Amino acid sequence: MGQEEIYHQRLEKRELLQKQRLEPYGRAFKRSVTAEISEGQKGVSAAGRIMAFRRHGRTAFLDLRDDSGKIQLYLKPETLDAASVFCYENLDIGDIIGVRGDTFRTRTGELTIAVQFLTILAKSLRPLPEKWHGLKDVETRFRYRELDLIMNREVKDVFRKRSRLLQLTREFLTSRGFLEVETPMMHPIPGGAEARPFITHHNALNLDLYLRIAPELYLKRLLVGGFEKVFEINRSFRNEGISPLHNPEFTMLEVYEAFSDCSGMMELTEELISSCVKELSGGVEISYQNSVVNLARPWKRVKWVETFAQLGLNWQDEPAVRQMARTVSPGEDDSGKSLFDCLDAIFKKLVQPGLIDPTFVIEYPRQVSPLAKSLPGNLEMTERFELFLAGLEVANAYSELNDPVEQKERFEEEVKTQRPDRPKEVDYDYITALEYGLPPAGGLGIGIDRLVMLLTDSSSIREVILFPLLRPKS
RNA sequence: GGGCCGUUAGCUCAACUGGCAGAGCAGGGCACUCUUAAUGCCAAGGUUGGAGGUUCGAUUCCUCCACGGCCUACCA
């Protein structure tokens, strides 16, 4: 029987129920138990979705599932009232029902509700995927996540873990005196990162706006305003390619602490991630894909220049850098690439995959860190780190550049050397804010989705985002 | 954007070198009062992602299109 026929059969059952004044889409149902029942309870009530139906002569066993797990039901028409029998006769796998009855233990030892009353709370009109193999097709899983959640228990666990991580992060930060804030998602000038923005438009103001690519500049304006410890956990949007590591909208944690700096952020990062991993994975080791990551502290630190030196490369030797970049990404036009683009390509190909145990790569060049403060006595390098775990970039932090004159010069330099596909504008409101005085501060960004990937051993960012972006199926 | 791969029943999967498209689950019927991937029997379910082409004949070969996956590029 095809899907259409099943659909119409179930529609007919819906109408049959209505004719008997048994509303197939019911109202609130009071439950007294979830999956944890004990023997000999009288008159318990439970509700959930029918996941399996084992008819057995005049009796039947049903698997009822709610958010807490599975409850087995035992049904015998002669112990039911007429309305319940009618519901039972028009029941399908997938229906959401409410039941009342007494608990008992079956011969095989399973705690079960012997049903005395049954009502349909929501008639399901479409057949569920296969009960044993579940729903495997990744496209369907992401497009119809609700089906994925019904069929694949592990998927629910991923998102429970994600929620728990966010909760732990908030607890960690607020208990240390950080204030959770919300800054605009719609920016007149996109800033705080290097990415193409999504454009939107406000009609009443007749104003083009950009979905934020990072909340950074607004958060630092709050430090100017006198909040000393702030954080925001929310979406940023980048109009770039989609990959197993990139979704156009993704969740970032950004933390700013006045009178701290890059090394303060390093300590905070170590503590935050260690405590979350301990809580969520129960130890200092996590296995991710084919690697084992040991999070025992203290974490490794290596200077950015050192990582190239270890490859036998002097990062300032441009011909050598370009030579190596070509071997790393062969057949590519590198004429438009800067020295730093080439270094980044080499880093991503040859250095990053080896950074399995947590590693802080520190002291990045000024040219790739426009918002970071330079090292004392070394204008070329900045007080900055990126954190890598299992080869994934998880965090980025620096001592915030708080000299308005230098910041303005760096912004204006960026505008001068901008790429045509990525127009840049100086955010003078931000400069003005700095001119009133931004206290010395440390700032930190953590990619929450990637951290969830690590904690759930997910190979793709789409596994940890409930509704990842897909092209609509026309 | 480029390369490679995939798309077969509602779901999970078969189908040799181009030769009648087949199972299991779900759904329908019958039997069965302790099953749990219940069981046994019977019947049904297909525009093989879409459009073209080659061929006596296409799920299979070719072209284009759609969607997806992986790699790559872009995203500090």
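Each chain gets a letter, A, B and so on, in the order its sequence line appears, and its residues count up from 1. Side chains included, hydrogens not; waters and symmetry mates left out as well; all remaining heavy atoms used. Everything numeric in this text was worked out from a predicted model, so none of it was measured.
- Residue-to-nucleotide proximity on RNA chain B shows that, of A/S459 and A/K349, the 5′-proximal contact is made by A/S459.
- Comparing atom distances between the A/E194 side chain and each of B/C67, B/G27, B/A76 picks out B/A76 as nearest.
- For the pair A/R196 CZ and B/A76 P, the computed distance is 11 Å after rounding to whole Å.
- Here A/E194 pairs with A/K424 in a salt bridge; the nearest charged N to carboxylate O distance falls below 4.0 Å.
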Check your understanding: Please, what dot-bracket string fits RNA chain B when only Watson-Crick and G-U pairs with both distances under 3.5 Å count, crossing ones use [ ] and pairs to another strand use |?
Key -> (((((((..((((.....[..))))..((((.......))))......(((((..]....))))))))))))....
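- The backbone N or O of A/M151 sits nowhere less than 3.5 Å from a side-chain atom of A/D148 that would complete a donor-acceptor pair.
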Any protein N or O atoms within reach of nucleotides 29-35 of chain B? Criterion: under 3.5 Å, listing atom names and distances.
unit_1	atom_1	unit_2	atom_2	d
B/C32	N3	A/G57	N	3.1
B/C34	OP1	A/H56	NE2	2.4
B/C34	O2'	A/R107	NE	3.3
B/C34	O2'	A/R107	NH1	3.1
B/C34	O2	A/R107	N	2.6
B/U35	O2	A/R54	NE	2.8
B/U35	O2	A/R54	NH2	3.1
B/U35	O2	A/Q72	OE1	3.2
B/U35	N3	A/Q72	OE1	2.8
B/U35	N3	A/Q72	NE2	3.0
B/U35	O4	A/Q72	NE2	2.8
B/U35	O4	A/T106	OG1	2.9
B/U35	O4	A/T108	OG1	3.3

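- Within the nucleic acid shown, A/G134 comes within 4.0 Å of sugar-phosphate atoms alone, with no base atom in reach, counting heavy atoms only.
- Taking atom CG of A/D92 as the reference point, atom P of B/C11 lies 18 Å away to the nearest angstrom.
- A/D137 comes within 4.0 angstrom of sugar-phosphate atoms only, judged by non-hydrogen atoms across all strands, and of no base.
- What separates CD of A/E5 from P of B/A26 is a distance of 17 Å, to the nearest Å.
- Of the candidate nucleotides B/C13, B/C75, B/G27, B/C13 has the atom nearest to the side chain of A/K136.
- Comparing B/C74, B/G27, B/A37 by their closest approach to the side chain of A/Q9 singles out B/G27.
- Two residues are said to be in side-chain contact when any heavy atoms from C-beta on lie closer than 4.5 Å; A/L245 and A/M453 meet this criterion.
- Out of B/G68, B/U12, B/A26, the shortest distance to the side chain of A/E139 is found at B/G68.
- Atom CE in A/M252 sits roughly 12 Å away from atom C1' in B/A76 (whole-Å rounding).
- Rounded to whole Å, the distance from CG on A/D148 to C1' on B/G68 is 15 Å.
- In this structure, the side chain of A/K123 engages the main chain of A/N90 through a donor-acceptor pair within 3.5 Å.
- For residues 358-373 of chain A, proximity to RNA chain B is found at A/V368, A/P370, defined as any non-hydrogen atom under 4.0 angstrom from a strand atom.
- Within the 4.5 Å cutoff, no side-chain heavy atoms of A/K348 are placed close to those of A/V328.
- By the 6.0 Å contact criterion, CD on A/Q20 is enclosed, its count of non-hydrogen atoms from other residues, nucleotides or ligands being greater than 12.
- Taking atom CD of A/E4 as the reference point, atom P of B/G28 lies 16 Å away to the nearest angstrom.
- When the nucleotides B/C71, B/C13, B/G27 are ranked by their closest atom to the side chain of A/P244, B/C71 comes out on top.
- When the shell of 6.0 Å around NZ of A/K70 is examined, it contains more than 12 heavy atoms from other residues, nucleotides or ligands.
- Between B/A15 and B/U39, the two P atoms lie 25 Å apart (nearest whole Å).
- One finds a salt bridge joining A/R54 and A/D63 here, because a Lys/Arg side-chain nitrogen approaches an Asp/Glu carboxylate oxygen to under 4.0 Å.
- No more than 12 heavy-atom neighbours from other residues, nucleotides or ligands sit within 6.0 angstrom of CZ on A/R235.
- In this structure, A/K131 does not reach the B/C25 phosphate: none of its side-chain N or O atoms is under 4.0 Å from OP1 or OP2.
- Proximity of A/L64 to A/L62: side-chain heavy atoms (C-beta onward) are nowhere separated by under 4.5 Å.
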Would you be so kind as to tabulate the donor-acceptor pairs closer than 3.5 Å made by side chains of residues 112-122 of chain A, with sequence neighbours excluded?
unit_1	atom_1	unit_2	atom_2	d
A/T112	OG1	A/Q72	NE2	3.0
A/T112	OG1	A/E110	O	2.9
A/Q116	NE2	A/D102	OD2	3.1

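- Heavy atoms of other residues, nucleotides or ligands lying less than 6.0 angstrom from OH of A/Y144 number 12 at most.
- The shortest non-hydrogen separation linking A/L401 to A/P370 is CD2-O, 4.0 Å.
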Practice item. Apply side-chain hydrogen bond (donor to acceptor under 3.5 Å, both in side chains) to the pair A/S458 and A/E463, showing each step before the final yes or no. Key: CA-CA 6 Å; A/S458 302; A/E463 293 289 350; 5.7 Å; no
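- Nucleotides B/G10 and B/C4 have their P atoms positioned 31 Å apart, rounded to a whole Å.
- A donor-acceptor pair shorter than 3.5 Å can be found between the side chains of A/T183 and A/R212.
- When heavy atoms are screened at a 4.0 angstrom cut-off, A/A193 is found touching base atoms of the nucleic acid.
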Is there any protein nitrogen or oxygen under 3.5 Å from a nitrogen or oxygen in nucleotides 48-50 of chain B, and what are the pairs?
none

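- Side chain of A/E240, nearest nucleotide from B/G28, B/A38, B/C75: B/C75.
- Note on A/K13: only backbone sugar-phosphate atoms sit closer than 4.0 angstrom, heavy atoms only; bases stay farther off.
- Interface remark: the A/H133 side chain does not form any donor-acceptor pair with the B/C11 base, using a distance-only criterion of under 3.5 Å.
- No more than 12 heavy atoms of other residues, nucleotides or ligands shown are found within 6.0 angstrom of CZ on A/R58.
- Exactly one residue among A/W304, A/W299, A/F347 makes a ring pair (Phe, Tyr, Trp, His ring centres under 6.0 Å) with A/F388. That residue is A/F347.
- For the segment residues 460-471 of chain A, the set of residues with a heavy atom within less than 4.0 Å of an atom of RNA chain B comprises A/R462, A/L470, A/R471, in numerical order.
- Distance check on atom P: B/A58 versus B/C41 gives 37 Å, rounded to whole Å.
- Between A/P440 and A/D261, every side-chain heavy-atom pair lies at or beyond the 4.5 Å cut-off.
- The A/A52 side chain lies nearest to B/A38 when the options are B/U12, B/A38, B/C74.
- When the nucleotides B/A26, B/C67, B/C13 are ranked by their closest atom to the side chain of A/I6, B/A26 comes out on top.
- Atom CD of A/E254 and atom P of B/A76 are 12 Å apart (whole Å).
- Here the C1' atom of nucleotide B/A76 and the OH atom of A/Y398 are 9 Å apart, to the nearest Å.
- Which of B/A76, B/A26, B/A73 sits closest to the side chain of A/D344 comes down to B/A76.
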Practice item. Kindly determine whether A/E406 and A/R410 satisfy salt bridge (charged side-chain N to carboxylate O under 4.0 Å, His left out), including the steps that lead there. Key: CA-CA 6 Å; A/E406 185 182 351; A/R410 290 215 212 161; 2.9 Å; yes
